[in-house]
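Encoded as C-alpha cells, the structure appears first; notes follow it.
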Amino acid sequence: MKIMNVVGTRPNFIKLAPLYRAFSSEPEMCSKIVHTGQHNSLSMSDVFFQQLALPQPDYNLCIKAGNATQQTADILVKFERVLAKERPDWVLVIGDVTSTLACALAAAQQGIRVVHVEAGLRSGDRQMPEERNRILTDALSELLFVTEPAGVQNLQREGIAAHKVHWVGNVLIDALIQYRSQAAELNTIEHLGLSGKSYVVCTLHRPFNVDTETSLRNVLELIETVSVLKTVIFPVHPRTQANLLKFGLEGQLMAMPNVRLLGPLSYLDFLNLMENAAAVITDSGGVQEETTYLQIPCLTVRPSTERPITLTLGTNQLIDDLSKQSIGQFIRESSDSKKAYKSSPVLWDGRSANRIAKIILAAHG
Ligand code: UDP
C-alpha cells in the first residue's frame with residue numbers, strides 16, 4: 001500500500017515526523033514524502049528535517065514564491081506529474097496551508113483517495129485563507145482525522161459522512177511529547193541570557209495581523225505594552241519581517257529597549273524557549289495547542305480560534321481588543337504562581353499517529 005505524504009510549511013514538517021515514524025513501522029505501508037517547497041529556507045524547512053530525523057523528501061516540487069493562486073496553480077501542475085508516475089493509493093495532506101488544498105485537489109482529480117490530518121477545525125471566518133483551505137480540503141477527503149470533539153461536530157454539520165471521520169488526537173502533541181526532553185537539554189535560554197519565567201515569547205504572522213500597515217502598527221503597540229512589564233523575545237516569521245521592511249516599521253521595533261528580535265527558531269530551540277516562558281503571545285494555531293499541553297498561559301491575538309478546546313480546557317485566551325489594561329492584567333496574572341488548569345485534552349497522549357496508521361490500513365482493506 002503506497003501513501004504519499006505532502007508537506008510544504010514549517011508546521012507540516014513537525015506534524016509529519018510522528019506520522020512518518022508510525023507509517024515506517026507498518027510493514028505493509030510504503031510511505032513517501034513530497035515537499036512542495038512552499039517554505040524552502042534553511043530556517044523554515046531544512047532545520048526541521050534535520051532535528052526531526054526526517055529523510056530527504058522523495059520529491060521537491062520547488063514551487064515559486066508567489067500568492068496563493070499562483071502557488072496553487074504551480075502545485076497542481078507539478079504534483080499531477082508526480083501522481084502520474086507514482087500512482088499512490090493514498091495522498092495524505094496536513095493542516096490548512098496552500099499546499100494542503102492544492103495537493104488534495106490534484107489527488108482527488110486523479111481519483112486518488114485523500115487523507116486529511118487535522119480535519120474539521122473551523123474558526124467561522126472565511127476571510128482567513130486557512131479557513132477556506134480547511135473547508136475545501138475536508139470536502140475532498142476520504143479519511144478525516146480530527147484533533148478535538150468540535151472538529152467532529154463541524155464535519156457532521158457540513159454533511160461529511162460519519163464513517164470517514166475519526167477523532168484520533170493531535171500529531172503536533174505526539175511530536176511535542178517525543179521531543180520535549182531533547183529540547184530541555186539545550187541551553188537555549190542560557191545562550192540568550194534569560195532565566196526561566198522572566199520573559200514572554202511572541203510569534204505573529206497571520207495575514208490579518210501583519211499584512212496591512214494599520215494592523216502591524218497595532219501589533220507593535222501590543223509588543224511595546226508587554227515589554228514594559230516583561231522582556232519580549234520575538235522570533236520573527238519571514239512574512240512579518242518582509243512587512244516590517246515594507247511599511248518601514250523595523251526601526252520602531254528595534255528601538256524598543258526590552259524587546260529582543262530573533263530570526264525564526266529551530267523546533268527544539270523554540271520548544272525550550274516556550275516551555276520556560278512566563279507566557280506566550282501568538283496568532284499561531286499550533287502554538288495555541290502546544291501551550292495548552294504545556295500549561296503555559298497563551299494570549300492569542302485573534303477574534304476567534306478554530307481550536308476551541310484550547311480555551312475550554314487549556315491556557316488560551318483570545319484578545320481582539322488590544323487594550324493596554326487587559327494586556328497588563330494578563331501578563332501580571334501569568335507571572336503569578338502557577339494557576340491550576342484542567343487536564344490535557346483527551347487523546348493528546350503521544351499515540352495519535354499510530355492510531356492514524358492503523359485506521360488507514362483498515363480502510364485500505
Ligand atoms: N515554531 C518553531 N520556531 C519558531 C516559531 C514556531 O519551530 O520560531 C514551531 C512551533 O513550535 C509550532 C509551529 O512552529 O509547532 C507553528 O508554526 P506556525 O506558527 O508557522 O504555523 P501554524 O501553527 O499557525 O499553522
Side-chain angles (χ1 to χ4, degrees), residues 7-19 38-52 54 68 93-101 117-119 121 123 125 128-134 137 147 170-180 182-184 186 188-189 192 199-210 232-242 260-277 280-294 296 298 300-302 304-307 310 316 348:
V7 286
T9 63
R10 173 168 74 182
N12 290 171
F13 310 137
I14 301 168
K15 293 164 196 169
L16 174 65
L19 289 166
Q38 196 180 335
H39 284 169
N40 62 4
S41 64
L42 180 65
S43 65
M44 295 296 285
S45 172
D46 300 2
V47 72
F48 292 89
F49 279 81
Q50 286 157 19
Q51 287 195 337
L52 298 160
L54 284 165
V93 296
I94 308 171
D96 56 19
V97 294
T98 301
S99 303
T100 311
L101 173 58
V117 173
E118 215 178 75
L121 297 177
S123 67
D125 176 4
M128 292 179 73
E130 296 90 347
E131 182 79 348
R132 298 192 292 273
N133 293 340
R134 292 180 199 116
T137 304
T147 52
N170 194 326
V171 293
L172 183 67
I173 303 303
D174 286 8
L176 174 60
I177 291 170
Q178 190 189 344
Y179 285 96
R180 196 178 178 185
Q182 248 174 277
L186 297 181
T188 311
I189 67 164
L192 292 167
Y199 60 91
V200 170
V201 179
C202 178
T203 75
L204 293 159
H205 68 276
R206 290 261 100 76
F208 59 80
N209 275 328
V210 304
V232 177
I233 309 296
F234 187 5
V236 184
H237 188 283
R239 180 183 199 102
T240 310
Q241 177 65 26
R260 300 263 301 270
L261 301 179
L262 309 172
L265 293 175
S266 74
Y267 179 54
L268 295 181
D269 281 319
F270 188 75
L271 280 189
N272 186 306
L273 195 66
M274 185 163 52
E275 181 136 25
N276 291 294
V280 175
I281 295 179
T282 195
D283 56 15
S284 157
V287 172
Q288 293 173 60
E289 295 178 333
E290 290 166 332
T291 48
T292 283
Y293 186 84
L294 295 171
I296 307 289
C298 177
T300 297
V301 188
R302 289 179 41 184
S304 61
T305 180
E306 63 289 335
R307 292 160 160 93
T310 62
N316 193 17
W348 291 20

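These numbers were taken from a predicted model, which means no experiment stands behind them. Numbering of ligands and ligand atoms starts at 1, following listing order.
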Considering non-hydrogen atoms only, spot the tightest contact between Tyr199 and Ile233 and give its length. CD1-CG1, 3.8 Å

About how many Å separate CE of Met274 and CG of Leu265, when rounded to the nearest 0.5 Å? 10.5 Å

Scan Arg302, Gln288, His237 and name whichever one has a side chain to side chain contact (heavy atoms under 4.5 Å, CB included) with Asp283. Arg302

Could you list the residues that satisfy side chain to side chain donor-acceptor pair (under 3.5 Å) with Gln38, not counting sequence neighbours? Ser99

Nearest 0.5 Å, what's the CD-OG1 distance between Glu290 and Thr310? 12.0 Å

Just by distance, with hydrogens left out, do Ser45 and Asn40 show a side-chain donor and acceptor under 3.5 Å apart? no

Under a 4.0 Å heavy-atom cut-off, what residues line ligand 1? Arg10, Pro11, Ile14, Phe48, Leu172, His205, Arg206, Pro235, Pro264, Leu265, Ser266, Tyr267, Phe270, Ser284, Gly285, Gly286, Glu290

